[in-house]
2 protein chains.
Amino acid sequence: MKLITREVDYAVRALAAVARAGGGLSAAGLAGPAGVPRPVLRKIMQALSRGGITRSSRGRGGGFVLARPPRRISLGDIIAAVRGPLKFNDCVFGGALCHNHRTCLLRGRVAAIERKVLDEVRRVTLADLS
Amino acid sequence: MKLITREVDYAVRALAAVARAGGGLSAAGLAGPAGVPRPVLRKIMQALSRGGITRSSRGRGGGFVLARPPRRISLGDIIAAVRGPLKFNDCVFGGALCHNHRTCLLRGRVAAIERKVLDEVRRVTLADLS
DNA sequence: ACTGAATGATACTAAACTTGTATCATTTAA
DNA sequence: TTAAATGATACAAGTTTAGTATCATTCAGT
């Protein structure tokens, strides 16, 4: 099971580069140094913008800047933007079939673990990763 | 991302049934009540036996029993047997290409989180889940 | 011995997710 | 007007997960 997929890894590297640069950086400018295929990086940067982590400016000379300081961008934010929210806990029986859904012992335990992981990934910030 | 895949979920249910039964249970006897396709359950039970969580007896009247008391079978054991060890941390660059492998900040953080999750899944036992 | 019920091992198919590619539309500065 | 950039979206390939099928082996009961 991967917590950090390739896309998350790319996203962290790209954001670190944006943070270092201070000014705006284009996807093309990011992809090269990071060793990431340009179209992939574009998709990732778009997801980060949709998630409110970066702000983009279009057109010639455009690019991406951080929407807030690195210390206020968490690994959890990045994962959520790129992959959607964490879900350790996909009930096999989808709630409909399983009457124990609310009381299921496994699910309760796993939900608790998931909350801890969420705490952890929110505690790590881009500032720690740059 | 799923910590609990369908197979792990099945495995927990099946083991809980074995624990309740006290005596040995066959895959066929387990699959029905749990609502799991029989061949799937067989594969899972085989994995659990290979992992030393259950002991099997073959031939007529055979089946599965727990290899040790429920309190000593952890969710971590079950996950490891069915899916292999947890790996949050698949380095994108596979170590060969990436010179920062040892110092990579992201990897260090994620490894720490992984250790915590390992602690957690080892702390939950089959006895808690039955 | 024979038979039927059971696991061991393994190969295969199907579905879902991840990764990477391609295209076209829109915006903006020069 | 043009070139450089993002927005949106559709598509293809690769990998993982889920489920199926088969044959070999073991063992109790007759």
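To find a chain, count down the sequence lines: A is the first, B the second, and so on, and within it residues start at 1.
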Subject >> Which nucleotide in D/dA18, C/dT18, C/dG8 has an atom nearest any side-chain atom of A/R83 >> reply: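 For A/R83, the side-chain atoms sit closest to C/dT18.
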Original post:
Which nucleotide in the set D/dT9, C/dA9, C/dT19 lies at the smallest distance from any side-chain heavy atom of A/Q46?
Top reply: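 My answer, after comparing the listed nucleotides, is D/dT9.
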**OP:** Map A/R58 and A/K43 onto DNA chain D by nearest heavy atom, then report which one ends up closer to the 5' terminus.
**Re:**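 Here A/R58 is the residue nearer the 5' end.
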**OP:** Please tell me which of B/V40 and A/G63 maps to the more 5' nucleotide of DNA chain D, matching each residue to the nucleotide holding its nearest heavy atom.
**Re:**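 Looking at the nearest nucleotide for each, A/G63 comes out on the 5' side.
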Rounded off to whole Å, could you give me the [atom1]-to-[atom2] distance for the [X] and [N] pair?
X     : N      : atom1 : atom2 : answer
A/I44 : D/dA8  : CD1   : P     : 16 Å
A/R60 : C/dT27 : CZ    : C1'   : 13 Å
A/L41 : C/dT21 : CG    : P     : 12 Å
A/K87 : C/dC17 : NZ    : C1'   : 13 Å
A/E7  : D/dT15 : CD    : C1'   : 14 Å
B/L25 : C/dA5  : CG    : C1'   : 15 Å

At 4.0 Å (heavy atoms only), tell me whether [X] reaches a base, stays on the sugar-phosphate, or touches nothing.
X     : answer
A/P39 : base
A/A27 : sugar-phosphate
B/R38 : nothing
A/R42 : base

Original post:
Heavy-atom contacts under 4.0 Å between residues 48-57 of chain A and DNA chain D, which residues?
Top reply: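 A/R50, A/S56, A/S57 - these, ordered by number, are the residues of the stretch whose heavy atoms sit under 4.0 Å from the strand.
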Are the side chains of [X] and [Y] in touch, meaning some heavy atoms are under 4.5 Å apart?
X     : Y      : answer
A/L86 : A/L3   : yes
A/L15 : A/L129 : no
A/L30 : A/M45  : yes

**OP:** Decide side-chain contact (heavy atoms from CB on, under 4.5 Å) for A/L66 and A/L126; before the verdict, give the C-alpha distance in whole Å, the side-chain angles of both, and the deciding distance to 0.1 Å.
**Re:** CA-CA 11 Å; A/L66 300 183; A/L126 186 56; 4.1 Å; yes
Original post:
Should the pair B/K116-A/D119 be classified as a salt bridge under the 4.0 Å nitrogen-to-oxygen rule?
Top reply: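 A salt bridge is absent here (no side-chain N lies under 4.0 Å from a carboxylate O).
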Original post:
Is the number of heavy atoms from other residues, nucleotides or ligands under 6.0 Å of A/R72 CZ greater than 12?
Top reply: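 No, CZ of A/R72 has 12 or fewer neighbouring heavy atoms, counting only those of other groups under 6.0 Å.
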**OP:** Indicate whether OP1 or OP2 belonging to C/dG20 is found under 4.0 Å from a side-chain N or O atom of A/R6.
**Re:**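 It does, given that an N or O in the side chain of A/R6 lies less than 4.0 Å from OP1 or OP2 of C/dG20.
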Original post:
Would you say C/dT19 has OP1 or OP2 under 4.0 Å from some side-chain N or O of A/Y10?
Top reply: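 Answer no for this pair, as no side-chain N or O of A/Y10 is under 4.0 Å from OP1 or OP2.
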Original post:
Distance-only, no hydrogens or angles: does the B/R109 side chain make a donor-acceptor pair with backbone N or O of A/E120 under 3.5 Å?
Top reply: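 Side chain of B/R109 to backbone of A/E120, a donor-acceptor pair under 3.5 Å: no, none is there.
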